[in-house]
Amino acid sequence: MAIQTNLTDKTAIITGGSRGIGWETAKEMIKENMNVVLISRNKKILQSRIDELDQYKKQVRIFPCDLTNPTSALEISKYCISEYNKIDVLVNSAGAAKGGIFSEIPDKDWEDSFNLKFFGTIRVIRTVIPYMKEQKDGRIVNVIGDTGKKPNKLMLPGSSVNAALLSLTKGLADELGQYGIRINAVSPGPTRTERILDMFKSLAKSTNKSIQEIEEEFLNENIIKKLADPKDIANLIIYLSSDISKNITGTTVTSDGGRSKFI
Ligand SMILES: NC(=O)c1ccc[n+]([C@@H]2O[C@H](COP(=O)([O-])OP(=O)(O)OC[C@H]3O[C@@H](n4cnc5c(N)ncnc54)[C@H](OP(=O)(O)O)[C@@H]3O)[C@@H](O)[C@H]2O)c1
């Protein structure tokens, strides 16, 4: 018998839903007959996603907004309720942390990194909880990153945000369990999305190496010497959003090609 996800007709908010891991998750959720509300800043890209999914248009809504704006979170939840009357799943996949040498990173870059991924995540979670409590059911999946457990000296703002989100995921699971709400995280290693390809390009330029050399160096620590596909991560998000994982909460599932060599 095929595995039963029981996701049909469920509704998900996906922050960072226009590109990369968030977008791949949206496509997989549509295949599961779910409704999705895609969140990101660029309206044009969001609109093009709607066009791409034309045959599923009943299942897709877009809500362009900047998650660093504290009022956006409330608007997102209200919009989702007005369109689909419920919020079953929240996927927090928006993120864009700055890197560099520690002594050269200004406060502004630290603030931006926390403001988007950490506070953005907290604020949206806070606004979906009342609806999930009422339903006595809800699933939240945070897309974090392997640097949360294994900090990268050139990506300390992102690594620190990720560490904070790992703690949030574990601690909040304990609070939300009594309401039937599960919260988990996926922790990707290097994954083939625009953000990593842009990073390879700029590293190649600054070091006079080819993009391929940079990629190979980057994957040196991996056991599986390949960038993950965004779909690899999306499938884990589907798993954690579905009934297959109904006994799992407060957990982080790593998909990093064996990069993290600790137990
Ligand atoms: N790719 C990897 O190798 C990797 C590895 C570990 C962890 N991760 C984590 O996985 C998550 C997704 O990464 P990705 O590679 O899929 O990134 P991506 O392709 O760059 O997509 C990021 C998404 O976030 C949205 N976004 C950025 N700033 C925003 C803002 N202020 N308000 C609203 N939306 C915003 C972007 O759309 P707009 O720019 O239009 O707003 C886009 O939809 C991130 O949190 C990242 O840290 C990725």
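Counting convention: from 1, in listed order, for ligands and their atoms alike.
Closest to atom 39 (O) of ligand 1 among all protein heavy atoms lies R19 NH2, 2.6 Å. In this structure, atom 27 (C) of ligand 1 lies nearest to the protein heavy atom R41 NH2, 3.5 Å. The shortest contact between atom 48 (C) of ligand 1 and any protein heavy atom is with R195 NE, 3.8 Å. Distance from atom 43 (O) of ligand 1 to its nearest protein heavy atom, with residue and atom name: S18 OG, 2.7 Å. The protein heavy-atom contact nearest to atom 22 (C) of ligand 1 is G95 O, 3.9 Å. Here the heavy atom of the protein found nearest to atom 6 (C) of ligand 1 is P188 O, 3.2 Å. Closest to atom 3 (O) of ligand 1, if we only count protein heavy atoms, is T191 N, 2.8 Å. Ranking protein heavy atoms by distance to atom 1 (N) of ligand 1, first place goes to T193 OG1, 3.1 Å.
In the vicinity of I196, heavy-atom distances shorter than 4.0 Å reach the ligand 1 atoms 3 (O). Close approach of ligand 1 to S93 (heavy-atom distance below 4.0 Å) involves ligand atoms 11 (C), 12 (C), 44 (C), 45 (O). If you number the atoms of ligand 1 from 1 as listed, the ones under 4.0 Å from a heavy atom of G20 come out as 16 (O), 19 (O). For ligand 1, the atoms closer than 4.0 angstrom to any heavy atom of G145 are 6 (C), 7 (C). Distances below 4.0 Å separate heavy atoms of N42 from the following atoms of ligand 1: 40 (O). Of all atoms in ligand 1, listed by their number and element, those nearer than 4.0 Å to a heavy atom of P190 are 3 (O).
When non-hydrogen atoms are compared, ligand 1 lies under 4.0 Å from the backbone of I21 as well as from its side chain. Within the 4.0 Å heavy-atom criterion, both parts of L67, backbone and side chain, lie near ligand 1. At a heavy-atom distance under 4.0 Å, only side-chain atoms of K117, from C-beta outward, approach ligand 1.
Among the atoms of G16, some N or O lies under 3.5 angstrom from an N or O of ligand 1. Distances between N or O atoms of D66 and those of ligand 1 include at least one value under 3.5 Å.
The pair R41-D66 fails the salt-bridge criterion, with no side-chain N (NZ, NE, NH1 or NH2) lying under 4.0 Å from an Asp/Glu carboxylate O. Using a cutoff of 4.0 Å between basic side-chain nitrogens and carboxylate oxygens, K209 and E217 are scored as salt-bridged.
The number of heavy-atom neighbours closer than 6.0 Å to CG of N220, taken from other residues, nucleotides and ligands shown, is above 12.
R19 pairs with exactly one of I45, T193, L46 by the side chain to side chain contact (heavy atoms under 4.5 Å, CB included) rule, that one being I45.
Ligand 1 is approached by C65 to a heavy-atom distance shorter than 4.0 Å. Ligand 1 is approached by V143 to a heavy-atom distance shorter than 4.0 Å. At least one heavy atom of I144 sits closer than 4.0 Å to an atom of ligand 1. For P64, the closest heavy-atom approach to ligand 1 does not fall below 4.0 Å.
The main-chain N or O of I248 is found under 3.5 Å from a side-chain atom of N184 such that the two form a donor-acceptor pair. When atom types are taken as modelled, the side chain of T15 and the backbone of S93 share a donor-acceptor pair closer than 3.5 angstrom.
The six-membered or imidazole ring of F200 lies near that of F218, with a centre-to-centre distance under 6.0 Å.
The closest side-chain donor-acceptor pair between T254 and S187, if any, does not fall under 3.5 angstrom.
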